[in-house]
2 protein chains.
Amino acid sequence: MKTLPKISESEWLVMRILWSKGPLTANEVVKSLTGKTKWKPKTIKTLITRLMKKGAVKFEKEGRKYRYYPAVSEAECVRMERYSFVRRVYGGTTRPMLAAFLEDAKLSAEDISELRKILEQKEGE
Amino acid sequence: MKTLPKISESEWLVMRILWSKGPLTANEVVKSLTGKTKWKPKTIKTLITRLMKKGAVKFEKEGRKYRYYPAVSEAECVRMERYSFVRRVYGGTTRPMLAAFLEDAKLSAEDISELRKILEQKEGE
DNA sequence: TAAGTTAGATTACAGTTGTAATCTTAGGAG
DNA sequence: CTCCTAAGATTACAACTGTAATCTAACTTA
């Protein structure tokens, strides 16, 4: 398992687009982000370039343009980010963190029963 | 409610010390961090200084040295960090995040029943 | 009182990030 | 074939970060 690159706040937005919509040209990424950010197209190109340098995205050529796609797994990146978040804020102790999250979250009845199911399942282990 | 300063990864360590142990001199902070990090004392002083400039800590004079203490609430900072984490990684949708957290976490039976209690309580609202 | 220690103040310096603009060159429009 | 456009490459530049070292002035100690 290779080491995951560190993805910055802004870069996360780009990665999420690429994870969800597969290989895209730079312009398609720009289009996907329209409305969600006020970034200039150039800014987005820069972010893509940086992600490539970090090894977080790869590309395949299509004519003279590239189609970019993620080179790292979303699940892994998310896991790492969660881990680093818990360590930073709670010093690694998970339970108080979860408790705070749950208390603070706006959850629908459905959400709640979903989460309870997960807990019950874990309890059975 | 004032705007919270942005606290960096390293600075979080210092803040957590100050939140938990109240006003401390720089040296006491250094001592508290011994073993937890490999930072030189100077590094820790720098972090404290930066936190002061950001308005995250204040100090009271004691002779010619200062005793530093947090100027922002831990709960608020944690909440903000949680919020920004969820937004960055999950685009703001809380449930999948919580589900992932719960599934991934190593939880004791006690943890689980604690968390279930919270959920039940929320369900009743 | 002179010298050493030490606390805070100032300075250092490279890497990352946010946020783009300019340069270069390959393809498409005429 | 020439000129314009637009894609990627290169460059910009300040703020923030990680990680300290040096400077300065106030106590402490001999």
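Order of the sequence lines fixes the chain letters, A, B, ..., with proteins taken first and strands second; residue numbering starts at 1 for each chain.
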Quiz prompt | Worked verdict on Glu120(B) versus Arg116(A) for salt bridge (charged side-chain N to carboxylate O under 4.0 Å, His left out) | solution = CA-CA 8 Å; Glu120(B) 275 157 37; Arg116(A) 287 185 62 169; 3.5 Å; yes

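- Across the protein-nucleic acid pair, Arg88(B) atom CZ and dT17(C) atom P stand 11 Å apart, rounded to whole Å.
- One interatomic measurement links the two molecules: CD of Glu9(A) to C1' of dG18(C), which rounds to 11 Å at whole-angstrom precision.
- Backbone-only contact: Ser10(A) has heavy atoms under 4.0 Å from sugar-phosphate atoms and none from a base.
- Nucleotides of DNA chain D lying under 4.0 Å from heavy atoms of chain B occupy a range whose first and last members, 5' to 3', are dT17(D) to dC27(D).
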Please tabulate, one pair per line, all N/O donor-acceptor pairs under 3.5 Å involving side-chain atoms of residues 92-102 of chain A, not counting sequence neighbours.
from	atom 1	to	atom 2	distance (Å)
Thr93(A)	OG1	Tyr90(A)	O	3.2
Arg95(A)	NE	Asp111(B)	OD1	2.5
Arg95(A)	NH2	Asp111(B)	OD1	3.1

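- Ser8(B) comes within 4.0 angstrom of sugar-phosphate atoms only, judged by non-hydrogen atoms across all strands, and of no base.
- The minimum heavy-atom distance between Trp19(A) and Ile7(A), with the atom names listed, is CH2-CD1, 4.5 Å.
- Taking both residues in full, the closest heavy atoms of Pro23(B) and Glu28(B) are given as O-OE1, 4.4 Å, listed atom of the first, atom of the second, then distance.
- Atom CE in Met52(B) sits roughly 16 Å away from atom P in dA7(C) (whole-Å rounding).
- In this entry the distance linking CG of Leu51(B) with P of dA9(C) reads 14 Å, nearest Å.
- Among the atoms of the strands shown, only primed sugar atoms or phosphate atoms (P, OP1, OP2) are found under 4.0 Å from some heavy atom of Tyr68(B).
- For the pair Ile48(A) CD1 and dT17(C) P, the interatomic distance rounds to 16 Å; values are reported in whole Å.
- Judged by distance alone, with hydrogens and angles left aside, Arg64(B) brings a side-chain donor or acceptor within reach of the base of dT6(C), the pair sitting under 3.5 Å.
- The interatomic distance linking Lys65(B) (NZ) with dT5(C) (C1') rounds to 12 Å, in whole Å.
- Listed by residue number, Trp39(A), Lys40(A) are the residues of residues 34-41 of chain A with a heavy-atom contact under 4.0 Å to DNA chain C.
- At whole-Å resolution of the value, CD in Glu62(B) and P in dG8(C) are 10 Å apart.
- Residues Met15(B) and Ala56(B) share a closest heavy-atom pair of CE-O, 3.5 Å.
- Glu11(B) has no carboxylate O lying under 4.0 Å from a charged side-chain N of Lys6(B), or vice versa, which leaves the two without a salt bridge.
- The residue Lys54(A) sits close only to the backbone: its heavy atoms come under 4.0 Å of sugar-phosphate atoms, none of a base.
- The CH2-P distance, from Trp12(A) to dT17(C), rounds to 13 Å in whole Å.
- Applying the 4.0 Å criterion to OP1 and OP2 of dG18(C), one finds that Thr43(A) has every side-chain N and O outside that range.
- The pair Arg88(B)-Glu81(B) fails the salt-bridge criterion, with no side-chain N (NZ, NE, NH1 or NH2) lying under 4.0 Å from an Asp/Glu carboxylate O.
- Note on Lys53(B): nothing from the nucleic acid sits closer than 4.0 angstrom, heavy atoms only.
- Residue Tyr66(B) places at least one side-chain N or O under 4.0 Å from the OP1 or OP2 atom of dA9(C).
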